[in-house]
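One is the number of the first residue; the rest follow in order along the sequence. Bear in mind the structure is a predicted one, so any value in this text is a computation, not a measurement. Only this structure's heavy atoms are used, side chains among them; waters, hydrogens and symmetry mates stay out.
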Amino acid sequence: CKLIAQERDILVSPVLMVGQSPYHMGIPGTVTLKAETIIQVHLEAVESLIRHGFKRFIIMNSHGGNRAISTLIVDQINQTSAGVAVSFGEGVRPFLEPSPVPASTVLDRHGGTGETSNSLYLMPDLVQLDKAVAAELTLPEHLQNMLPEVVAGDPTALRLFLAEGLKAEETGKQTSSAEMSTTGVWGERDPKEGSAMRGADEARRTVAAAVQFIDRC
């Protein structure tokens with residue numbers, strides 16, 4: 001957001017750094033919030049900014065567990081306030097250059113090489129790559145059997161896989177991060193395969209797409 005703000009005259013208003021992550025609670029140090037809390041905080045923040053003269057809002061979400069919540073936040077801003085809101089991901093998608101990184105041939109999702117690369121570029125002081133090790137995964141058998149289709153990009157398999165995968169231990173699905181992964185990473189690749197160069201390219205493409213979208217608004 002700050003990189004985008006360097007290119008265009010916009011206000012970056014950080015609201016929450018904590019999201020809905022009940023499926024990570026088996027990993028010590030995790031903090032999670034209820035969906036209702038996240039929605040309420042954002043709507044009240046937007047109402048505050050509207051009173052100060054702001055009207056147009058781009059809601060950026062960088063956590064998969066918040067995807068449905070952020071969609072509802074955007075809708076509620078548009079339905080219940082004088083503000084006009086759009087989802088960052090949906091807004092910039094048409095302007096985003098294709099990634100030059102070849103598609104992974106194995107599962108590489110939460111905390112994998114992509115997110116490691118982004119962190120190496122955006123917040124390198126928080127990365128201790130020398131301590132990183134590849135995760136050992138233990139997925140429920142039927143999800144393990146779905147992996148080839150998921151990795152190949154089959155949309156139906158991926159939708160079903162994500163509908164059941166990474167869910168709180170209390171659901172009984174046996175797909176919380178601590179139940180499936182020895183490190184919390186939901187992927188089979190070594191995080192050391194990530195690079196700051198890859199993260200820099202991801203940031204460049206994202207900023208460029210955001211600027212194009214903002215210029216159209």
Side-chain angles (χ1 to χ4, degrees), residues 1-21 42 54 56-75 77 84-129 132 134-135 150-155 157-159 161-162 165-166 184-217:
C1 290
K2 291 178 180 178
L3 291 173
I4 295 166
Q6 291 176 15
E7 302 294 330
R8 292 297 182 270
D9 185 22
I10 61 174
L11 171 72
V12 176
S13 178
V15 178
L16 279 179
M17 295 297 286
V18 180
Q20 180 180 242
S21 301
H42 280 79
F54 291 90
R56 302 160 83 83
F57 301 89
I58 301 175
I59 305 300
M60 176 185 275
N61 169 47
S62 59
H63 172 47
N66 287 346
R67 190 171 293 119
I69 296 172
S70 61
T71 298
L72 182 57
I73 289 171
V74 168
D75 179 70
I77 293 171
V84 177
V86 296
S87 164
F88 179 88
E90 293 181 3
V92 306
R93 188 175 296 118
F95 303 99
L96 194 60
E97 297 175 23
S99 172
V101 179
S104 179
T105 57
V106 296
L107 184 67
D108 185 24
R109 296 193 66 87
H110 177 268
T113 61
E115 292 185 354
T116 299
S117 297
N118 293 341
S119 297
L120 284 168
Y121 176 65
L122 294 171
M123 51 191 81
D125 291 346
L126 299 182
V127 181
Q128 295 176 301
L129 205 55
V150 171
V151 172
D154 181 275
L158 179 60
R159 186 173 297 273
F161 188 79
L162 295 179
L166 275 188
V185 173
W186 201 25
E188 301 174 88
R189 294 177 63 178
D190 191 326
K192 291 187 177 69
E193 295 180 45
S195 70
M197 184 178 298
R198 177 179 170 182
D201 182 72
E202 173 74 14
R204 178 194 62 78
R205 293 186 299 106
T206 301
V207 170
V211 167
Q212 292 182 69
F213 172 67
I214 291 168
D215 287 346
R216 290 287 301 275
C217 294

Please evaluate residues Arg8 and Asp215 with respect to the criterion side chain to side chain contact (heavy atoms under 4.5 Å, CB included), reporting the C-alpha separation (whole Å), side-chain torsions for both, the decisive distance (0.1 Å), and the verdict. CA-CA 9 Å; Arg8 292 297 182 270; Asp215 287 346; 2.8 Å; yes
Check against side chain to side chain contact (heavy atoms under 4.5 Å, CB included), Val185 and Thr116: CA-CA 10 Å; Val185 173; Thr116 299; over 6 Å; no
Just do the side chain to side chain contact (heavy atoms under 4.5 Å, CB included) check on Phe95 and Arg216 with the steps written out, would you? CA-CA 11 Å; Phe95 303 99; Arg216 290 287 301 275; 4.1 Å; yes
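Looking at every heavy atom in both residues, Ser21 comes nearest to His63 through OG-NE2, 3.1 Å. Considering every non-hydrogen atom in both Val92 and Ala209, the closest pair reads O-CB, 3.8 Å. Between Arg198 and Gly114 the shortest heavy-atom distance is NH2-CA, 3.5 Å. Between Val151 and Leu107, the closest heavy-atom pair is CG2-N, 3.6 Å. Contact record, Ala210 with Ile4: CB-CD1, 3.5 Å, taken as the closest heavy-atom pair. In terms of heavy-atom proximity, His110 sits nearest to Glu115 at C-OE1, 3.9 Å.
The closest side-chain heavy-atom distance from Leu3 to Leu122 is below 4.5 Å.
Atom CD1 in Ile59 sits 9.0 Å away from atom OG in Ser13 (nearest 0.5 Å). Here NZ of Lys2 is found 12.5 Å from CD1 of Ile10. Values are rounded to the nearest 0.5 Å. Rounding to the nearest 0.5 Å gives a distance of 15.0 Å between CD of Glu202 and CE of Met197. Here OG of Ser62 is found 10.0 Å from CZ of Phe88. Values are rounded to the nearest 0.5 Å. The structure places CG of Asn118 at 7.5 Å from OG1 of Thr206, a figure rounded to the nearest 0.5 Å. Rounding to the nearest 0.5 Å gives a distance of 11.0 Å between CG of Leu120 and CG of Asp125.
Side chain of Asp108 to main chain of Thr113: a donor-acceptor pair is present (N/O by atom type, distance under 3.5 Å, no hydrogens or angles). Remark: the backbone N or O of Ser117 is not paired with any side-chain donor or acceptor of Ser195 at under 3.5 angstrom. Side-chain atoms of Asn66 come within 3.5 Å of backbone atoms of Gln20 as a donor-acceptor pair (strictly under, hydrogens ignored).
Ile77 pairs with exactly one of Asp75, Ile73, Val74 by the side-chain contact (heavy atoms from CB on, under 4.5 Å) rule, that one being Ile73.
Taking 4.0 Å as the cut-off between side-chain N and carboxylate O, Asp201 and Arg204 count as a salt-bridged pair.
In this structure, Glu188 has no salt bridge (Lys or Arg N to Asp or Glu O under 4.0 Å) partners at least two apart in sequence or on a different chain.
Aromatic ring pairs are classed by plane angle as parallel below 30°, tilted from 30° to 60° and perpendicular above 60°; the pair Phe161 and Trp186 is parallel.
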